[in-house]
Structures are given as C-alpha cells and as structure tokens.
There are 4 protein chains.
Amino acid sequence: MDAEWDPRAEYDVSDAERESKKAMDASQVWRNPEFRMTERERPTPEDDEVLVRVKYAGICGSDVSMLETDDDGYVHYSAYLRLPNVTGHEFAGEIVETGDDTQLFEAGDLVTAEVTDYCGRCNMCRQGFNGHCENFEQIGFTIPGAFAEYVAVPEKLCWDVSALRETYETDDEALRAAATIEPSTITYHGLFARADGILPGDYHVYHGAGPIGLTGMNVSRAAGAGKVIAFEPSDERREIARKLGYEHVYNPIEHDPIETIASVTDGEGADVHVETAGAVTQTYPAIGDTLAETANVVHISNAGSDPGIALRKYQGNSAQLYGSEGHTGQQVYPRVIRLMAAGQLDNRPMVTSTFDLSNADEAIRQAAERVDGKVLIKM
Amino acid sequence: MDAEWDPRAEYDVSDAERESKKAMDASQVWRNPEFRMTERERPTPEDDEVLVRVKYAGICGSDVSMLETDDDGYVHYSAYLRLPNVTGHEFAGEIVETGDDTQLFEAGDLVTAEVTDYCGRCNMCRQGFNGHCENFEQIGFTIPGAFAEYVAVPEKLCWDVSALRETYETDDEALRAAATIEPSTITYHGLFARADGILPGDYHVYHGAGPIGLTGMNVSRAAGAGKVIAFEPSDERREIARKLGYEHVYNPIEHDPIETIASVTDGEGADVHVETAGAVTQTYPAIGDTLAETANVVHISNAGSDPGIALRKYQGNSAQLYGSEGHTGQQVYPRVIRLMAAGQLDNRPMVTSTFDLSNADEAIRQAAERVDGKVLIKM
Amino acid sequence: MDAEWDPRAEYDVSDAERESKKAMDASQVWRNPEFRMTERERPTPEDDEVLVRVKYAGICGSDVSMLETDDDGYVHYSAYLRLPNVTGHEFAGEIVETGDDTQLFEAGDLVTAEVTDYCGRCNMCRQGFNGHCENFEQIGFTIPGAFAEYVAVPEKLCWDVSALRETYETDDEALRAAATIEPSTITYHGLFARADGILPGDYHVYHGAGPIGLTGMNVSRAAGAGKVIAFEPSDERREIARKLGYEHVYNPIEHDPIETIASVTDGEGADVHVETAGAVTQTYPAIGDTLAETANVVHISNAGSDPGIALRKYQGNSAQLYGSEGHTGQQVYPRVIRLMAAGQLDNRPMVTSTFDLSNADEAIRQAAERVDGKVLIKM
Amino acid sequence: MDAEWDPRAEYDVSDAERESKKAMDASQVWRNPEFRMTERERPTPEDDEVLVRVKYAGICGSDVSMLETDDDGYVHYSAYLRLPNVTGHEFAGEIVETGDDTQLFEAGDLVTAEVTDYCGRCNMCRQGFNGHCENFEQIGFTIPGAFAEYVAVPEKLCWDVSALRETYETDDEALRAAATIEPSTITYHGLFARADGILPGDYHVYHGAGPIGLTGMNVSRAAGAGKVIAFEPSDERREIARKLGYEHVYNPIEHDPIETIASVTDGEGADVHVETAGAVTQTYPAIGDTLAETANVVHISNAGSDPGIALRKYQGNSAQLYGSEGHTGQQVYPRVIRLMAAGQLDNRPMVTSTFDLSNADEAIRQAAERVDGKVLIKM
C-alpha cells in the first residue's frame, strides 16, 4: 500500500514524523491511497526475528479504513501509519527461517503473532505497560505486514499454534483458524486483562457484531458466559451470529436494547457490556440503563465522539467502565490459543469470504461492504 | 424536620410512597421544609438495637439540601426521605442501653454507625450487595437520626470506637473525631472497596475539597498516597486544606488542572482521580487529559448532568472509571476506625464550627455557607 | 439419623454444646449412629421460610462419614452435627408453600438451596463473611435436611432453578440436574470467589475425582479451562471421568503426576491445582513441582494432616495457595445455575446410582463404596 | 570477591555453568571465598547502560552468606553466583555517563537500581514475568555490582531518586536514604505486587525484624497499616524497631506469638503476616493460629525446610499464602521512591553502622553479627 504524504494545512507535522514517514494520525497526512500487488524481495530475518511463510491473513477494519478516503482524498484511518508498507496484521503461517539469536522457535512451527513490537526499555515497558511502549512499531502499520507470502517478525511476538494441528487435523485448517486469533485477543484482553471480576455464568452483551464483536462473542462463550446477547444492525451479520449458534441476536433499530436486555436477562441486567460498535451515542444510554449490580463495561471500539455517561447509574449499580485497546499483555495470546486448541473457541464458521493473495484488492473491497464475518486472504 | 407532602403534578407517586410517606425523590414531593427543635420521648431500642447517647453529630451536604428549596418551595434533596423525621447521620456517642437480642456491645462502649440499614434477605443482600438492599432504610433520612440526644440503632450497624480513647485521650475528643468517620468512609469505600489496584505511592487528585473531599484527602494520605493534589474554588476550603498540611491545593479557575497536574506529577499524570465536586462538565475533561497509565477514576459526587467522557483516553491509558456511593461493604468501617486509632487519620483539624444541639438550626445555616471543613453539633 | 451423645473422656464439651446437642466436632461426641426411615410431620415454614417438596437429593461424603465409625463407635464426621436430625443437604425440589414474610418465591418455583444459614448480624456477617457466620446453622447437619419428602428452608438460601426446565425439557430432569448444583458450587467458590486471577484457557489439575472433583472438573471446563487433568486412584471414578469426556485422567499410582503434568502441559505446568483428594502428603509434593508461573492452588478437601509445603517453589513461580470451604458468597449459586441453564455445565452423566427414598439407607451404603460419580435419592 | 570453583562431588555441574562460571547453586560449587579491595578499571557503559558513581551501598544478608562457609569451606549462599565479581546490589549514586542508546537519564541524575536484568524476550519476559526471566543476570551476583566507586547498569533498571533531594535536603542524605530502597522493594513487591487485597488499616505482623523485616515494617506503616507487630529474637534489633517508633515488638521466645497477637489485635487476628525470619518451622504454626478472616500470608524469606501448613485453618479463615521473591514488577520501584519522597517512608534511622569503602571487609564482618538494622558502605 502507498499514498501521498500531503499533510493537511492545519496539521502540525513533527520532525520525527517527517523523517520517519510514520504519521501519528494517518487521516491528517496520507492522501490518495492505493493498494496493489508488487514483487518484493523475500525478507531476511534479523537476529531476533523469524521468517514466517504466511498461509492465511485476515482483513481488519483498519486495513479497509486505510484505503477509504474523505472528500479531500485523505484516508479514514486515524492512527499510526508509515507508507509505503505491506499491510495486514491478522495472520498465521509456518516458520521457515530463524534469526541467529532466536531461541523460542524452529522451522516448521506454526505461528501467529502479536501486532505491537515494544522496545522493552522505555518508561512504559519497564513498568510492564508494553502495549503502550513509547517506541512501538506495529506490524502491518508501521513495519511490513502479512498481506504477503513472507513476513519477518520479532520472535518475541510470535506464538506457537502447532497444537491446533491436533484440533483441526490439517495444517491448512489449523492456520485458517489461527488467522482469527488476533481479533479474538482484542476482546480477551478487554475482558480478562483489563476488566477484573468477570465471572463464569455472567451475562454478556455485545454492542456491535462485526468481526471484533463476533470473535468476542466466541471468546465470551468459551469463557463460560451464561448468555451472550448481541445488537447489530446489519442483517447479514446477525445471520452470521445466528449461524455461530447465538440465540439472542437483535437489530437495535427494531428491538429496543433496554427492553430486550431486561427481557432476556429476566430483569437482572447485563453483567458485562462490550462496546464493539463505535456508535457510542446510541450504545451508552442503553448500557447505562441495563447495568446489573457490579457490571463491567468494556470499551473496545474507536469512538467517533465522547458520549455522555450517566455516572449516577454506575454509582447505583456499583458498575465500572474500562478503556481497552490492543491485545498486548500477560498471557493473552497463549490463553486464546489454548481455548482454540481445546475446541472451546472455533471462529472458522464466521469466515464468510476467502480470496487468493492475487485477489487481495478484491478481498479488501469485499470487507469494505461490512457484511462479512471475516474475510481471509489465502497465500 | 418536617415538610408538606405535596407531590409535583408531573411526579408519579407510587402507592408504597403514599402509604409510607417515604418519597423516593424528595425534591418531587416535599415542600416548604422546616427544621426545629422538639421534645421527643427517648427511644426504646428494639431487640436488635442499641440506644446511643449522641455526643457529636456532623452536618452533611444532604442535611443542608433537605432544607434548601427551589422557587416552588420543593427541597433540593433528591433521594429517599420520609418526614417528619429526626435528621443527622454522621455521629458518635456512647451506648447506654442494649436490646434484648444484642450480642456485640454493652453499655459504655463508644460507637459510630453506618447509615444504611439492610434487610439481609432480599436478592441484593443475599448476593452480598447490602449497600443496594431492596428494602433499605437510612438513619437520618427514612428513620430517626442523630440530631438528637439519643438515637436507637440496629446493633449490626454500630462500630466500636473505644480504641480512640487511647489515641485522643478523652472520651470527648474520641467522639469528636469519631463523628467524622462516616464522611471518611465514603471515599475509603470508593478507593478500596470499589476501585481495585490503588497502590501505596500513587498520586491522588481530588476534584472538590468540601467535607467529603477533605476527609477523602486525609484517607488518601493515611493510605500512603505519594502526593495528594486538590482543586477547590472556595478560598476558605483551600485554606483549610492547607492547614491540614496539603501543599498542592489549587483554585481550578486560576490554575488550569491539566497544566497543574502535569507539573506537580512531573508529567506522569494522576494515578487516582476522585470526583467530589459534582461539577462534572468541568472536571471530566481535565480528568481525561491527566490520566496516568492504569489510572483509576472514582466518581463519588452527585452529578447534575451526564458528562461527555473521552473514551479514547481511557483506552490510551488503560484507565477505568468506577461509580461509588455510600460506604456499606466489607470492612470499610473497621478499617477507617483503625486508621484513626493508629493516628494515621486525624480529621479534627478540619472541624471549623461547633454548635450546641439547641443551636442546631444555626449549625445548618452555617453549613449552608459551604465554607467550612466540617460543622459539628455537640449534644 | 440419630446416635448416642457420649463425649469422649478427653473432649471438653462446652455448655452450649451440651444444651443444644450441637457438637462442634461430631467425632468426639456422637457414637453408634443409626440411620432409618421415620414418619415425621410435614414441616410448617416459618415466616421467612419456604417449604420445598424435595424431588432429588444427592449423597455427600459427609453424609456417609456421619454413619461410619471408628473402633470405639464414634462417627468419622468431625464438624458440626446436632442429632437427631434429618440429614441431606444437596437437593432440588419445588416450592409448595411460602412463609408469611417471604418475597422472592412462589409455589411452583423449582429451587435448590445453600447449606449454611447465616444470621446476617454477627461480626462476621456484617463484614460480608456470611460463610463464617458466628451463629450459623447448616441444613442437614444442625437443622433438618433433605433426605425427606419436605424440607423448610429460609427463603434467602433458596435459588430459582426454573430456567433449567428449558434446558432439560422436563421438571424431573431439571431437578435431577439441580440436585448436583450444591457440590458444583464448592469448587466454583474455590476457583472464582476465593482464588483470584484464574483465566480462561488455564490448565487445571484435579487431585481427586470423587463427587467434588468430578463436579469441579465440569465447572472448570464450563469456565473455559484449556485442559482439565485429573488424578484419581479409583478405576471406577477414572472411568466416569472419561465418560464425562475428559481425556487426561490418570491413576497417580501408575502415572507419576509430576511427569504426567509436564507431559500434558508441554512443560508449562499447571495454572490451577485443585486439591479434592484429602491425600495431602501425596498431593502437595507433586503440586509444588508442577506450578506454572503465577499458579493458583485451591485447597478444598478435608486434610487429615498438615502437609509440608515447599515455599521456595511458590516463590520461584509466583504461586499462591488458597484455603476454601463451603460455597457461601457473592453470586456463587446464581452463576453456577446460569452455567447449567446455558448448557455449559451438565452433571447428569456423572449420576451413577439412583435410589428411592425408601431405600435411602441402601443409597448411603452404595455411596460408602466410593466408586460412584454421584448417588442420588429420588423422592 | 572470589572463590575456588570446586563443585561438590555429588553436584551435577551443567555445561552452561562450567562455561560461564555462573553457578546455579553457589553453595555446591564455590569454596574458600575471599573478599578484598582491588583496583579495577572504571567500567565503560554499554550502549544501553549508564555509569553510576556509587555513593552508598547497603550490605544484604546474601552479601554476608557468600562469605560464610560450612565446614568444608563451601559458601552458604545457595543461589546464582559468578566469580570473581564485584558484589553489592543495594546502592544509590549519581549518573556520570550515559551509553549511546539511552534515553531516560542524563549525567547528574541521582538513581538507584533494580537487581535483576531481564532479557525482555524469553518466554517468561514476553508474558510479563520479567522477574523470572530465563536469561537473567543479577547485579552484584552474576555481573559486577556496587561495592565499588562506579557501576555500569542497564538504563532500564535505574530509577530516578532526584526527588529525594527535596525531602532530605542534601544529595548525601538523599543517597543515603536511597541506598535502602532496594530492601524496601522486597516487601512492597510481596505486599502489593504479589498479594492482593491488603487494605489500609489492616493489622500486619512481621516474623523477623532483620534488615528486610525492618524496611518492610516501614513500608507497611507508610501504606497505612492499622498496627505493625514484630517478633524478633535479637535484643539489638528489637531495640532498633522500637527506635523506629514501633510499639508492638516482641521476643518470640519470651512472648508467645499466638497469645501476643490475640492480645494486641483484640482477638481479631492478623490480616497480614510477613515471613522474614526463615525460621519457618517456628513461624508457620503461629501464623496458622492467628489468621484473621481473609488473611494474607506473604512468604519472603529463604526457608531452610518445608514447614507443615495447617490447611484447615486457611480454609476456616478464607486465608491465602503467597510466595514472593525479588522486587521486579509493575511500578514497585517508582512507588517505593514516591513513598520516600513523600516523607512516608524513612529508613535512615535504621542505618546503624556506616563504613568507608576501604573498610568494606569490616562492614561485612559487622553485618555478619546480625545485630544491625542496616550496615552501609560509603564511597
């Protein structure tokens, strides 16, 4: 992917951004994006890297929004982006080469990887806040990613998924499943690394059943949710949710969430709310009115605005609200992988479209329709 | 205290309210309040109650707002209130009589008491959520309180403060200090029963240094806060805070909280924000911009409106927001009492006015000025 | 059940014990027990009680040990016991009558119940420690229990299981499943009310797969355990565990737990150890040698002795050890019921013997064989 | 310090140990130790290191035990040790030079440092368990330490203590205090990074008031302990504890800990037990008998044996036992430094002996007497 470096007049470009071509807010800088297939040399892993032969890569909402533009041609994506770059950060593949100073893997291992490369030395990292590393890079955003045959990845970000071979019988199925681990970790991180006190048997409500919401629902079910309820306006995505086995899936436009939640939970309210919609002005009023006692609200999505929060209701129900982003953190990846290996978490039925790498641009156009569960590219 | 039962036209009075004269929202029902001294019979404790000879009682903002009215004469106080009633819920005294079925106390014990009487049997209580009992009564709100010589209190709500005799040498000083335990428990509950993960050495910021904020600052200091910072527009209250030994006390109108917090914390931000001001449209923007990584925001005050919350910042700093009300909960009272007994928590210097019971109305007028640390009535 | 009150010479009987015939340590006092069917009047519920028509009652190890004796004829059971009494505390049934002051249930509701009746007023209860109430009674131990057609139970201890009607189609199946809720809550309490930080995907090891271990394994699986491993010397019980779908079930005499756990977890160790065997001198050495980093060890069983604990290994693995007993606590019952209603927890396949109430003595003899998953009595 | 590499016959030396001369268990390998002053070249910091001019260095029990031997001349110290080496790991000083790739510090900053250098890449580190890094080195044990004029330290291990200049007025006093931060972090880590649920106002009991116990008592007091109780057989150390302001300090040989704790806590028991004695066969029986409900037991010391633990008492009191070692972890150092900067934690009165670097051997002999609070070496 590439685009023109053309900072908006009102955007104050830092020296660091100018030098590194790593924009802090892509939507202020990158214009007229294009996405095309090119031949590149096969990367050589650094000493601490492994080289992964990618087998499947998923398309994330961010991959789409990097290529969508406003009327002035600026991309929608509003976080860090360095171009030109190979995008793609949800992937799985096989290790084919290991750097000289690696110790965790060997060729033949099946792996997936975390997105954020952290330095381990800055003031955030040394306090254990690797996910907010001050010197971070992101695979598929600021360093080369996985819409490619090969990607070189720091060993410390890779996690072995070879155990899925037994669960899914073939390497191909194992890697197809493993390519959906990254989106699953986003909600796992929100529910179990950020929030505290979510109990097996709790009632979970997802506001938004797109790719993140759907993998999240699967994580909640795997973790023993008493009920999983979802609100999603897209007919197609509600249908996917139902096919995944969820009974309580509603169009929030037709079914008032407040009444619906009261009814499905028999008046007890939701113990866990997960905001995966981004439609915060619609979702937060409903959340406030359906809090069970000690409810945990986990905010995952990119909110376009700052919703009014009815603090009185968080007091009256001893509720709390957690901001969550990313998936970096203690044991998030290994635990999601184990859930998948145990057969508790199976995202494969939500993969609704698969394209060859040569049709990657078509894959992204399909994902931009926002009707799929998950769109995969197969290498 | 008494007032006229005159529900506003638009307020839908329930049968239960009409029968019990226990309004769920006093400001919709009670009009033209009056507060006066009357002779009443000394109460006789029920089997599970003790009779307390009150020595000191503090005036809370709610005691004031019950007597303040809007243009139509309706009281400001907007929660549960049954009238006529003896108000007053912050108090300490000596047990002079015990009910037939009590086991925890004997005459001569010095005590203070929790406010909320919980049934122990409803669906909230049996899950451990006594503070949100479905059949609750509140001392000084719906059942007789402590602006009186004697008050009968369920034994289970009383906590022994006799250990303060040793700390403060005289019974009188012990009880004067003990009358400030109740407001201290409000923030202790927010910080240590509701929030999770507040560490000794954390930087705490109080937004609002009225009676609740000031006792809270003392609790934070006793619990090992690395710094306690306060924003308070009242000159008098900032002065009281300084006399209590706090260095970082600012007028938020003159000192921008964002810059001030950045400066005092050397750019690290606040680990703990406590909203005790109620001015949520002013405080929450500043809170969002001064969150340290993993910051805990504890909302204590009565918010007049629903502030916009910048969720993006809670994500970017792994921060969380807890609603907190009341003080009912595991070990809150005994731990606050122990902090006081240990000499770690001394609220006496913030008592700025003391009146005899015969001048209780004057005490309330003084409290209504909102310039005191704490106004006490002495019996 | 009845027995002779004949305190051992060396046992110091308290006045309270003598008066109430409620022995603190049954094995020191009760001799020559007998268990027989008698006609009793149908109990009348107190104001705060409901009357339950029992449909199924499970036999617990304690029910058995009350009837087993040492050479001097003293019962094995070593906790609180008042005789004569109707024993049985694992049960489910239908409410047929409600006391005058109840509010949570009505006739026709299907329910199960907690065992420990707490006073709600003592120094333990008022701090939220209801499970360690100073004035507790226990259904089936100190007050009449469920090996009977009817049992009167304080309403606050009952939990509605009517939702299981939908899951299991018939009332009979719903109640058969519900009778196994009580043993399931024992481990749920240990894992999720006592321990802190157990994550979905964790590897759980059960030391002992008797009735408590087996229900525990089901709870762990329902809560998203990555693997559930069990060690159990009884051939019959290992076979039951396998029928429940568990792959990793071993005889600890033949398969060294240390090597086995290392192998099954691929060297990562156990994140969660649950001691449900009581054979602490055997189990704790193995536990110490198979601790994963941050492992949680939950002690559930009655330990006959005090095992040596290799503290160095708990340091070297940042591990912790929790003592857990009973099931009283926040949300334990409602959450277990929800797991069952959701189809995540199905204990029915472990019910290996069922007897009519008229053959209750035979049921207890069968349970004493210690080869069953769960023995039920059907009324 | 140096010694002879002479592995005991029965000790199985690994190739890695032989090559690196880094013994995993020093007491099995190093013989006839000697400690002497030598001239060495001033170290040059690596790219990611800073060079610290040491001002004060404390003597730890491990520094002593490296020089004490058994009858065969093997050192007592039983963990990792590479020789020859400069020992000493409790220190504070001023940065005089920074490596080319450092970003956190500049010359003139006052600092102290963590002991364990972690790789940030191994399977432990990448899950956030830096303290149990698989490739760790330890300052003063396996890499050069602080009994020297200069020490080169990885920047990421250093923490700025310049704020102490304001608290203690002179650089010298600031650094004298800062040299005691490392031992303080050991208990802070145990209490607040390992244990969970320690509340301000809790009663803390220290079993052992040597250098770790004494700094721990100061940490507990700074964190708002309701009472701090200590048992220590050394007359001198009890006297030091009293001089630090502690009232409840006992000789466990003369004052039975069970009775004493019952008396001091008015029968409520200890909420927090900290084992800093190592005399586990004596301390654990007393701990088991004095557990308050929900008590936290934190094991810090090197236990010579595996004590019998009365699990029944941990069940009966909902208590838990945490193994804790080291101090690596989220925010431990910065929070201890803030407590010190706030004046809440002052260890200076426990410094009972100070020697010049030229008398370092004498300092170690003095520490070996085990009667001091803390012995410092001044450079």
Side-chain angles (χ1 to χ4, degrees), chain A residues 78-79 123-125 127-134 186 189-190 193-197 199 267-268 275 278 280-281 283-285 288 291-326 328-329, chain B residues 78-79 123-125 127-134 186 189-190 193-197 199 267-268 275 278 280-281 283-285 288 291-326 328-329:
Chain A
S78 58
N123 209 32
M124 283 290 107
C125 283
Q127 292 184 76
F129 310 139
N130 296 342
H132 289 141
C133 169
E134 294 172 357
I186 301 295
H189 178 261
R194 289 288 300 116
D196 185 36
L199 292 171
E268 302 202 55
E275 219 286 357
V280 294
T281 53
T283 53
Y284 275 93
L291 298 166
E293 184 75 8
T294 70
N296 289 296
V297 180
V298 182
H299 186 76
I300 300 272
S301 73
N302 293 317
S305 62
D306 297 348
I309 301 282
L311 296 168
R312 182 69 196 78
K313 291 170 183 170
Y314 288 74
Q315 294 178 292
N317 292 287
S318 300
Q320 42 273 334
L321 169 58
Y322 297 87
S324 181
E325 72 177 359
T328 307
Chain B
S78 59
N123 208 32
M124 284 289 108
C125 283
Q127 291 184 76
F129 309 140
N130 296 342
H132 289 142
C133 170
E134 294 171 357
I186 301 295
H189 178 261
R194 289 288 300 115
D196 185 36
L199 292 171
E268 302 203 55
E275 219 286 357
V280 293
T281 53
T283 54
Y284 275 94
L291 297 166
E293 184 76 8
T294 70
N296 290 296
V297 180
V298 182
H299 186 75
I300 300 272
S301 72
N302 294 317
S305 62
D306 297 348
I309 301 282
L311 296 168
R312 182 70 197 78
K313 292 170 183 169
Y314 288 73
Q315 294 178 293
N317 293 287
S318 299
Q320 41 273 335
L321 169 58
Y322 298 88
S324 181
E325 71 177 0
T328 307

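Just so it is clear: chains get the letters A, B, ... in the order the sequence lines come, proteins before strands, and each one is counted from 1.
- Closest approach of A:Asn317 and A:Leu291 over heavy atoms only: OD1-O, 3.4 Å.
- In this structure, no portion of B:Val297 lies under 4.5 Å from any heavy atom of chain A.
- For B:His132, the part sitting under 4.5 Å from any heavy atom of chain A is the side chain, from C-beta outward, and nothing else.
- Here the closest heavy-atom approach between residue B:Asn130 and residue B:Thr328 is recorded as CB-CG2, 3.8 Å.
- Of the listed residues (A:Pro307, A:Ala303, A:Ala193), the one with the most heavy-atom contacts under 4.5 Å to chain B is A:Pro307.
- Using a 4.5 Å cut-off between heavy atoms, B:Ala310 contacts chain A through both its backbone and its side chain.
- For the pair B:Gly316 and B:Glu293, the tightest heavy-atom approach, listed with the atom from each and the gap, is O-OE1, 3.8 Å.
- For chain A, the option among B:His299, B:Gln315, B:Gln320 with the highest count of heavy-atom pairs below 4.5 Å is B:Gln315.
- Counting non-hydrogen atoms of other residues, nucleotides and ligands closer than 6.0 Å to CG of A:Asn302 gives a total of 12 or fewer.
- Both the backbone and the side chain of B:Ser318 come within contact range of chain A, each with at least one heavy atom under 4.5 Å from a heavy atom of that chain.
- Only the backbone of B:Ser301 has a heavy atom closer than 4.5 Å to any heavy atom of chain A.
- Considering every non-hydrogen atom in both A:Ile300 and A:Gly190, the closest pair reads CD1-CA, 4.3 Å.
- B:Asp196 approaches B:Asn296 most closely through the heavy-atom pair O-OD1, 3.7 Å.
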